[in-house]
Each structure stands twice: as structure tokens, then as C-alpha cells.
Participant: 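Have a look at this one.
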Amino acid sequence: MAGEINDILKSKLNPEHYDRLTALDNPKMLRFVADAIELTNPASVYVCTDSPHDIAYIRGLAIKNGEEIPLNIKGHTCHFDGPKDQGRDKANTRYLMPAGSTLGESLNSVEKKAGTEEVRDLLRNSMAGREMLVCFWTLGPIGSEFAIPCIQLTDSPYVAHSESILYRPGYEQFKSIADSPDFFRFLHSEGELENSISKNVDRRRVYIDLEDEIVYSVNTQYGGNTIGLKKLALRLAIQKASRQGWLAEHMFLMGVHGPKKRVTYFTGAFPSACGKTSTSMLPGQSIVGDDIAYLRKKEGVVRSVNVEKGIFGIIQDVNPKNDPVIHKALTSPMEVIFSNILLDSQNKPHWLGMGCEIPNDGFNFSGKWFKGKTDDQGKPIPPAHKNARYCLSIPDLDNCDPALDDPKGAPVGGIVYGGRDSSTWVPVEQALSWEEGIILKGAALESETTAATIGKEGVRTFNLMSNLDFVSIPLGKYVQINLDFAKDVKKLPLIFSVNYFLRGKDGQYLNTMADKLIWILWAELRVNADVDAVKTPTGFIPVYDDLARLFKENLNTEYSRDNYVQQFTVRIPENLAKLDRVEKIYRDKVPDTPQIVFSTFDEARKRLQAAAGKYGDYISPFDLAEK
Ligand code: OXD
Ligand code: MN
């Protein structure tokens, strides 16, 4: 076998690259690469080390083969995905499950043998005529207990280039694991290309083998389907974490800056395109990560790291007013990959909500674009896609938090769950306890769908911990693991919900984008026991005077009593309807739901009904504050 592996490697790797690979001397890794070479049949293989020379080679290749276009600002490039490859393909993302085992009907899976054959068939010869890139990256800070080594094989330099921005290097780290079999493997091929775009998106597949910790992805380029270490690794990590007693979450990690230079770390889970990145980038605060966090307990303290070191963020409504820090980064010389924006004739990127006029023509994901252009169904094609992205490194940002590379991770003071909810949750609320936080906030999270996934937008969907798309264990077990995480913790993080999308009777949003700063600052004060709160049937909400002060001090705005009443009124019928909706999902679809979920829903329902009996269906926070 070893002889055969060597022969395969030698047939495609020149001596320099053969030496680079075999210097790692990891039999499982070498077998994986040889097998992928045999399967996908690349013309050549390039093994990337951590050296700047190799990263520059990848970047150059992306430009040379047309996957990226250099822009006018130094370090900026632009990439386009095909018109039908603009988001995560949930329907064709499946877990490969050994015959007889299941993850429950809420998670998409396929029998392992048949599924593996299907995806391997699609990968057969898929790299013919192209170069395979062999890249090593690390999830989490290097040398830390959180770190997971990874290998990515891809024929897309755009994918490898994005990973070099988003992840810590892994070649040297891989040396240190010697012959350990403990690492994640990703094999991606964009498949046949037409004008640098994956042609066969109808045969797009993302298949996740949880047992062998391999993910296959084919006939797609969109980062959410192809960048192995992002959502593909998250699915593997959730499974691994569940075996080892830690958590892998779809969460930002940020430093919230309280009085007297105090910094309190928060993690926050929001479904895609619901304010997660912009919260982690709030003015005056510092970012550790915007998307994926691992959480572990160390000597009774919950600590967390950002798995990544970069941001693959949505570039809608990024303007100097809403997102000054990102806007500055996107207009300064530094390494940035834009995707699916509009390029004008001067090669300048434009995106939706950038705060200035968008040109009437240019080049976008549909090719040459002009105002009024329609798609094959007659629908107008927007100048830039709503899920257009930017990719940049966090250390390049002014607000990078020093905890980013701390191998111990940052101590977590608070956890925030937020969704796109027009009708039910108040803008910010602290859960009454850890259990209530996990069950009534995290496990009951719903959100209206967005452009980050393919499909209809604006549909209210259940999305527990904002992690439903990525959970790779039965959902009841996942909830239980979150509940159990509290064990042996000396000071539990407080759990909050936030809702930036609440609307009034007239259908208008009740808050501006800037207000979210206030909710996060209030949560920081709660974690440090600096302010009192009003107890409602659904949790603890801010006292009016504290908000009025925070608005004045931080946004220089007057926060009226009327605003407070509109925003923090407890909406009993909406909350009851939500409990019914979510409970039905657990009863119908999640056979392993822990009993405590149902008893907690019952208690919440009783509290809501009792309050309605006393105060009516819509309860002003002032009525409760007086008690
Ligand atoms: C992302 C997503 O790209 O969740 O972060 O879709
Ligand atoms: Mn995400």
C-alpha cells in the first residue's frame, strides 16, 4: 500500500512538492492525498507550506485562471460565483450516515455507501487538466487545546486564497501532530467550468462523512459550500465536541467595553444575515470573531476562541454610517476578496446599501449587467447580490481584540441569541436562568429566512441556536449537551436574547441599526451586576432610566418613554403562539427532546397566561416595573 501511495504521489508531484508532503510523514494524510489524486486526476499537484511565497502563488493562480480579478486598490480582488451558486445549498448538503443509524428527520442525510459512491462519481476526473492545491490550515489558535489541524484539497485557488485569509496556517502545525490520525479532511472540486464558473450546479453536492471526518464538495464555488474550514468543518466539530464535552457554535466572539476600561467577552448566535457580523463590529467594541466559536470549560470558567482569523461577511448595507470599521477596511489597501458585487468600468466594487448611487451598468454575477436586466424567469437582476461577500483578515482591522490568538481563549461573560423576528421578542432580554436561556432563547430561536441560503426569503423558520443548518447530532441530544454545559461552571455566563427586527403596528421597524450597541452595553452591565432589571414573564428587561442614560451617553439621542413602551411591551399572544409553534416542532420532529424542554415551555406559558389575566394581552414594561 505504502509503495502504491508513493507511486501515485510521485506521478503528479514534482520532487520539491513530494518532499514537502512527505516531510509531514503522516500515513493517513498521505493516503488521503493519493486517493484524491487517483480519483480526481489533476494535471499537477501543488503542496502549500505556510510560506508567504506559497500564499502569493495561490493568489497569483486565482488571478491567472480568471477566478479573481485584481481591483484598483492594492490587495483587493473580486470573484464571481454563478447565478445559481449564490448561497449555501441546503438541499444538497447531506450527512453520510452508516446504514441503520439516523440523525432524525430534521437533518438531511443519505446512506453512507450510496452517498459516498454518488459524490465520488461526481468527483471522478473532476480536476483533469487543472492543478490540485494541497493546503494545511488550523482551526483555532495554534498550539491551543482548541486547535484542530485540517487538510484541504481543492482545484480552486479562490477557495485556497480565501482560506489563507480566513484561517491560521497549518503546515508547521501538521508536523507537530506526527502520525496522529486526528485531523479534518476536505476535498473540493469546482467541477467543469464555463467562463471560470462551475457549470454543473445541478450536480452540486456537499457530503459530510462524520465517522471519517471528511467532507466532499463538488460542482460549486460559493464559499459557504466550498471553504472546508467554515461551515463544513463546523458540522464535523459539533459531532466531535459532543463526544468530548465542549461546544462548537455558530457564534461571534467579541469584547464588550464597559465602564472603567472593563472588557467582558460575549458570544452571540444569529442566523446568517441577521446582524451577527455587525454586532461583533460595533463601534467602540473589539472583535475576536464573527462566525464560529468553540467553547470549553477550564477550571470552572467558560472560555472561547474564534475558530477563524478572518471574516467572510455579507456586504449589504455596509456604509460609513452603519459599519464604519468594515467600510474603512473595504476601501483601504489590504487583502480583501469581494464576491458577487457589481464592478463598474473602472473596476471599482459597488454593493447594495453602500450609501451612494450604484452605476447603471457594469459586470456582476450574471455577466455584463445593465439596469433593467432580467433573469430567465423575467425577474430583475440586482446590480449586486444580496449575499455578496467580502473576505478579509481580522488582524488587519483597527478593532481586532488582543484575545484573538490567546491559546487559552477568552472568558465568556454572556451569550446572546438573536433572530429576525418582526413580532415577538423585545429588543433585549436576559433569561431567568441558564436552563431558560438555553431552552426559551437558544432552542426556541426562530428567524425569517434571508439570501444567505438558496430559497425563498422572509419565511419564519425554526433555527435552534442559529445552528440548525450545521448540527450533526440528534437535535434533542444537542439541546441536552448545551444544558449540561453549565455543570461545574463557577460563574455561569448570562444568557440574553436580542431582536433587531421588531416592528410596530404600522409595520415599521421600531429600532435603528445603531440601537444594537445599547442592547449589548446593557447586557455587559448586567453581567457585571451594575444595573437592576424589570422581571417580566419572559425574562429580565432593562429599566427605562438605564436605557435613557445609555442612549444619551453612547448615541447622544433622547430615548423616549414612548419608544421604551413600544419596544418593550410584552406581547402575550405572540409569545404564546411562538411557544406553541416551537413546541410542536420538538413534539413532532425531535423524538429525543429532553423532558425539561417541555416543562420549561409549560412554565413559560403559565407565566404568560397569569400575566395576561392580570394586565391584559399587551403589557407595558412600566406596569411591571412598578411591582
Ligand atoms: C455564513 C453563513 O456565511 O452562515 O456565515 O451563511
Ligand atoms: Mn455564518
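Heavy-atom basis, side chains included; hydrogens, waters and symmetry copies ignored. Along the sequence shown, residues carry numbers from 1.
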Participant: Heavy-atom count around Lys408 NZ within 6.0 Å, excluding the residue itself: above 12?
Facilitator: no

Participant: Taking the six-membered ring of Tyr167, is the NZ or CZ of Lys309 close enough (under 6.0 Å from the centre) and on axis enough (within 45°)?
Facilitator: no

Participant: Any chance the side chains of Arg59 and Tyr158 put a donor and an acceptor closer than 3.5 Å?
Facilitator: no

Participant: Going by the side-chain contact (heavy atoms from CB on, under 4.5 Å) test, name the single residue among Leu253, Ile415, Leu247 that passes it with Ser304.
Facilitator: Leu253

Participant: Is there a donor-acceptor contact under 3.5 Å linking the side chains of Asp54 and Tyr46?
Facilitator: yes

Participant: When the ring centroid of Phe338 is compared with that of His76, is the distance short of 6.0 Å?
Facilitator: yes

Participant: Tell me yes or no: between the side chains of Ser189 and Asp155, is some donor less than 3.5 Å from an acceptor?
Facilitator: yes

Participant: Quick check, are the ring centers of Trp369 and Phe363 under 6.0 angstrom apart?
Facilitator: no

Participant: Would you call Asp290 and Lys276 a salt bridge, taking side-chain N to carboxylate O under 4.0 Å as the test?
Facilitator: no

Participant: Less than 3.5 Å apart, any donor N or O on the side chain of Asp19 or His17 sitting next to an acceptor on the other?
Facilitator: no

Participant: State, without any angle test, whether Arg88 and Ser272 hold a side-chain donor-acceptor pair at a distance under 3.5 Å.
Facilitator: yes

Participant: Mind checking whether Asn26 and Phe183 have side chains closer than 4.5 Å, heavy atoms only?
Facilitator: yes

Participant: Report yes or no: is the cationic atom of Arg296 (NZ for Lys, CZ for Arg) under 6.0 Å from the centre of the six-membered ring of Phe146, at an angle within 45° of the ring normal?
Facilitator: yes

Participant: Taking the six-membered ring of Phe470, is the NZ or CZ of Arg235 close enough (under 6.0 Å from the centre) and on axis enough (within 45°)?
Facilitator: no

Participant: Sequence neighbours left out, what passes side-chain contact (heavy atoms from CB on, under 4.5 Å) with Met354? Give chain and number order.
Facilitator: His350, Trp351, Cys356

Participant: Would you call Arg185-Glu213 a salt bridge at under 4.0 Å N-O?
Facilitator: no

Participant: Is it the case that the side chains of Ser156 and Glu67 hold a donor-acceptor pair, with the cut-off being a distance below 3.5 Å and no angle test?
Facilitator: yes

Participant: With a 6.0 Å cut-off on the ring centroids, do Phe136 and Phe174 count as close?
Facilitator: yes

Participant: In this structure, are over 12 heavy atoms from other groups packed under 6.0 Å from Lys28 atom NZ?
Facilitator: yes

Participant: Give a yes-or-no answer on whether the side chains of Tyr478 and Asn467 include a donor-acceptor pair shorter than 3.5 Å.
Facilitator: yes

Participant: Would you please say whether a donor-acceptor pair under 3.5 Å links the side chains of Asn6 and Tyr18?
Facilitator: yes

